[in-house]
Amino acid sequence: MGKFPEGFLWGSATASYQVEGGIENNDWAEGARDGRVPTCGRATDHYNRFESDFDIVKSLGQNAHRFSIEWARIEPEEGKFDEEEIEHYIKVLHALKVRGLEPFVTLWHFTLPIWFSKKGGFQNKDAPEMFARYCEYVVSRLGNKAKYWMTMNEPLVWASGGYRTGKWPPFKKNLYYFVTVQSALARSHILAYKRIKKIFPNIQIGIAKHNIHFASNGYWWANIVSGFMNWFWNERFLNRIRGYQDFIGLNHYFYKKFGKKVNLPQTDMGWDIYPEAIYGCLIGLKKYNLPVYVTESGLADAKDDRRANYIKDYISNVEKAIKEGVDVRGYFYWSLLDNYEWAFGFKERFGLVEVDYGTLERKIRPSAFIYKKIAESNVI
Ligand code: FCB
């Protein structure tokens, strides 16, 4: 048994395009029209149902919530900001507040307005300026309503999907682009960070960083590869934005041991379940000396027959890392709801809450009550 620090945040996460529905003016919707990724359509209709969805969050004993703002809604045309959409997110933040849920807001979670992607997206030399202008605008309007902000979600995963594997917009396969676009993202983050701090110095800003626990079987070559990958995938971006983040958001899903085929239980997506991996990732973040929030951790499990243990075991390992001196202050399960899992569409079921895509009815999965117990007691 382990007790979590006083004030620890327990929540679940979503992202705009994956749950809101009705977004047609971003690069993923365009990609779907071109038949290159699945259609998202009305998704879970969270855009209209956020209040009842937040009632569920509250009923599940959580005290925080992570969501993202859709850039294409706020800035549908370059430099033209839509006040009605700002009003929408003011309502979202208000709905969280009255339910006692601490908001964690992501400004950009993978999807880009069509006008921005047409201009080359983050490959455009003015991208940092355009991105920072958007961030600054949103925070100037909403910054007094949320303390924790993330400029971007998983820069390396996004760069990898769009420029290395080519399975995500803009569907390119080019290692040079894959590497250089990461520099543009780091510059974009830093500029946005500076602009936001000018308006609201007390806002806490970070990114959600996807880190993998790389291990080795001890062979010399496996040690080298795992060391290189740890630097390249886990640390390089964080090093670049050093000094321009107030906390680290850790999104964690993967374990990779080089030199050895390990047979582990798996999620519906074939991702290995290895709870010690989150401990490894957290220990790896210790040297940054910053507060850490686990901003995503979860699995696809349609039958809900592995989720409860997954949650318990991963959270036990978070507690172990806290005992070892990592300043972890919150945990957000991915995801609150079943949702649009990018190139995989709606098949994969990550939700604490099941969504019937025919009726849009919500049904709380049994594992959500296990998570509730942990959240309410603050103990694992
Ligand atoms: C992460 C993404 C999130 C979701 C999960 C399963 O990489 O941030 O949107 O798709 O994976």
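Note that ligands are numbered from 1 as they come in the structure, with each ligand's atoms numbered from 1 the same way.
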Please report which non-hydrogen protein atom sits nearest to [atom], along with the residue it belongs to and the distance in Å to one decimal place.
atom	value
atom 6 (C) of ligand 1	Glu341 OE1, 3.4 Å
atom 1 (C) of ligand 1	Glu296 OE1, 3.2 Å
atom 5 (C) of ligand 1	Tyr253 OH, 3.3 Å
atom 7 (O) of ligand 1	Glu154 OE1, 2.5 Å

Considering only NZ, NE, NH1 and NH2 on the basic side and carboxylate oxygens on the acidic side, decide whether [X] and [Y] come within less than 4.0 Å.
X	Y	value
Arg195	Glu129	yes
Arg349	Asp304	no
Arg133	Glu75	yes
Asp327	Arg329	yes

Is the closest N or O pair between His210 and ligand 1 shorter than 3.5 Å?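 N/O-N/O distance below 3.5 Å does not exist for this pair.
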Under 3.5 Å, N or O to N or O, is Trp271 touching ligand 1 that way?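 Looking only at distances, the answer is no, because the N/O contact criterion of under 3.5 Å is not met.
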Ignoring hydrogens and angles, state whether a donor on the side chain of Arg66 or Thr106 is under 3.5 Å from an acceptor on the partner side chain.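 Distance-only check passes for Arg66 and Thr106.
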Polar contact flag, side-chain donor to acceptor under 3.5 angstrom, Tyr331-Ser297: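 Yes, Ser297 and Tyr331 have a side-chain donor paired with an acceptor closer than 3.5 Å.
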In this structure, does ligand 1 have an atom that sits under 4.0 Å from one of the heavy atoms of Glu348?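 Judged by the 4.0 Å heavy-atom criterion, Glu348 does not count as contacting ligand 1.
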Is it the case that the ring center of Phe131 lies less than 6.0 angstrom away from the ring center of Trp71?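 Aromatic pair counts; centres sit under 6.0 Å.
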Can you name the atoms of ligand 1, numbered from 1 with element, that are less than 4.0 Å from a heavy atom of Asn153?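 Every atom of ligand 1 under 4.0 Å from some heavy atom of Asn153: 8 (O).
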Within a distance under 4.0 Å of any heavy atom of His109, pick out the atoms of ligand 1 and give their elements.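 Reading through ligand 1 atom by atom, the close ones are 2 (C), 3 (C), 8 (O), 9 (O).
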